[in-house]
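Note sheet for the following structure.
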Amino acid sequence: MTTQTRVRVRPDQGLQGETFLPGDKSISHRALMLGALAEGTSQIQGFLPAGDTHATLACIEALGVRITRHSPTELSVHGVGLDGLEQAAAPLNCINAGTAIRLLAGILAGQPFPSVLDGSPQLRRRPMRRVTEPLRMMGADIEDTDGHAPLYINNAFLNGITYRLPVASAQIKSCVLLAGLFAEGTTAVIEPGPARDHTERMLRAMGATVENMGETIMLTPPDSLQPLNMMIPGDISSAAFLLVAGAMCADGDFSLRHVGTNPTRTGILDALSQMGTTIQRQATHEEGGEPVADLIVQSGPLRGIDIGGDLVVRMIDEFPVLMVAATQAQGRTSVVGAHELRVKETDRLAVMTAELRKLGANIRETDDGFEISGPQVLHGAVVNGHDDHRVAMSLVVAGLVAMEETLVEDASCIADSFPGFIETLQSLGADVQWVD
Ligand code: S3P
């Protein structure tokens with residue numbers, strides 16, 4: 001892993017070739033957590049070896065679960081069963097990982113021992129009442145710190161509830177469902193939009209009964225979970241940076257192999273197709289209950305589109321890089337209903353607007369989205385990743401279409417989700433490199 005913090009990017013003509021993506025981050029977190037609760041050993045291939053998922057791995061080990069590392073991407077998780085976790089000796093450090101802290105809160109609320117969940121200063125700024133409130137409704141004894149981490153959990157008896165999510169969030173949904181594994185009676189979650197459903201799919205693959213009735217998801221607490229045997233697909237959210245980089249260049253023609261195409265995650269494919277990129281899916285199949293495909297990408301002139309509603313939920317992590325694509329599209333791109341972007345690793349609407357302006361972009365930032373009219377000429381500049389992996393990678397992609405050289409500072413956070421990003425771009429022909 002690199003210790004360099006800056007990336008130099010030079011203008012590029014187009015991406016060519018083919019590559020595999022690192023494993024899906026959301027699924028990797030869940031494979032560790034649910035594998036830990038299984039009755040027996042889960043075999044995980046395609047695990048994402050990145051900052052966020054390593055934080056979860058360390059927390060799971062601290063809770064008394066043995067994990068054998070056959071390689072960085074191949075693990076055996078020696079599950080201890082639903083009743084087998086042990087009290088951690090120290091506060092659990094989720095570092096920058098929002099998925100780790102919110103999902104672990106659900107699991108730990110139902111344990112017969114106390115826990116403390118904490119993280120980096122960045123994670124401590126993110127809202128946690130969205131999980132402590134429903135957990136308290138289930139009977140959990142959980143305290144947040146003015147709505148933030150650290151979270152202090154004591155043992156309590158949980159009851160199943162029916163909970164209407166205030167926002168379409170997979171982390172809140174998963175937190176409540178995971179607490180439901182330890183609750184008396186059925187737990188139901190009503191969701192206002194199609195948030196990613198990896199938790200539900202994985203629970204079903206492990207033998208639990210999780211039913212969908214319209215917008216309601218119902219979990220019946222299982223007696224036990226069967227171990228997983230899974231090849232985790234490539235992360236479509238990581239693919240998004242390459243897709244946009246390819247889509248913006250004049251003669252992009254490349255393929256991304258073995259990418260997860262769960263419909264709750266493929267909003268970026270729909271958006272880029274509407275904007276004029278041709279993305280074909282080949283070798284489609286399912287693994288561990290998750291759809292997978294090879295994506296064959298051919299760039300074409302981009303045009304602006306209007307985005308709102310469910311599509312926002314299905315591509316929530318992809319807006320930083322979509323803003324870059326919008327600067328290169330003919331006509332206006334507008335996004336509404338994406339207020340959640342303000343509570344990610346950074347306020348991604350504000351930070352991306354400010355950083356892209358340094359490259360000369362003209363952006364109208366709104367309360368819950370943005371408007372960008374293009375195409376715009378971007379000029380090389382020094383920009384900053386703000387310790388937010390998706391911001392840093394989006395700025396690298398922006399640098400590929402700028403007229404002059406761009407320097408992205410504070411970019412080591414790229415390793416939180418896509419450690420080999422710069423090397424992957426190089427392998428597809430881009431002129432990018434880590435510099436001192
Ligand atoms: C995630 C859910 C999303 C997403 C995050 C990962 C998950 O967050 O932005 O990167 O793995 O459940 P929200 O649930 O807060 O929308």
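Fair warning: this is a prediction, and the values are worked out from it, not measured in the lab. Every number for a ligand or one of its atoms is a count from 1 in the order of the listing.
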With nothing but distance in play, are any N or O atoms of [X] less than 3.5 Å from an N or O of ligand 1?
X	result
A170	yes
S169	yes
R196	no
E340	no

Heavy-atom distances under 4.0 Å decide this one: backbone, side chain, both or neither, for H29 against ligand 1?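 Answer for H29: neither.
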Heavy-atom distances under 4.0 Å decide this one: backbone, side chain, both or neither, for K344 against ligand 1?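 Side chain only.
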Can you tell me if R196 uses its side chain to pair, donor with acceptor, with the backbone of P263 under 3.5 Å?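 No: the side chain of R196 does not pair with the backbone of P263.
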Side-chain donor or acceptor of K173 paired with backbone N/O of A195 under 3.5 Å: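 Checking the backbone N and O of A195 against the side chain of K173, a donor-acceptor pair under 3.5 Å is found.
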Heavy-atom contact check, 4.0 Å cutoff: does H198 meet ligand 1?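 H198: no contact with ligand 1 (<4.0 Å).
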Which protein heavy atom lies closest to [atom], and at what distance to 0.1 Å?
atom	result
atom 12 (O) of ligand 1	R30 NH2, 2.7 Å
atom 4 (C) of ligand 1	D317 OD2, 3.3 Å
atom 1 (C) of ligand 1	Q171 NE2, 3.5 Å
atom 11 (O) of ligand 1	S26 OG, 2.7 Å

Determine whether S334 and E371 satisfy the following criterion, side-chain hydrogen bond (donor to acceptor under 3.5 Å, both in side chains), listing intermediate values before the conclusion. CA-CA 4 Å; S334 78; E371 266 181 36; 5.7 Å; no
Option passing side chain to side chain donor-acceptor pair (under 3.5 Å) with R314 (candidates N262, T264, D270):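 Going through the options one by one, the only one that passes is D270.
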Should we say atom CZ of R66 is surrounded by more than 12 heavy atoms from elsewhere, each under 6.0 Å from it?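 Counting neighbours around CZ of R66, 12 or fewer heavy atoms of other residues, nucleotides or ligands fall under 6.0 Å, so no.
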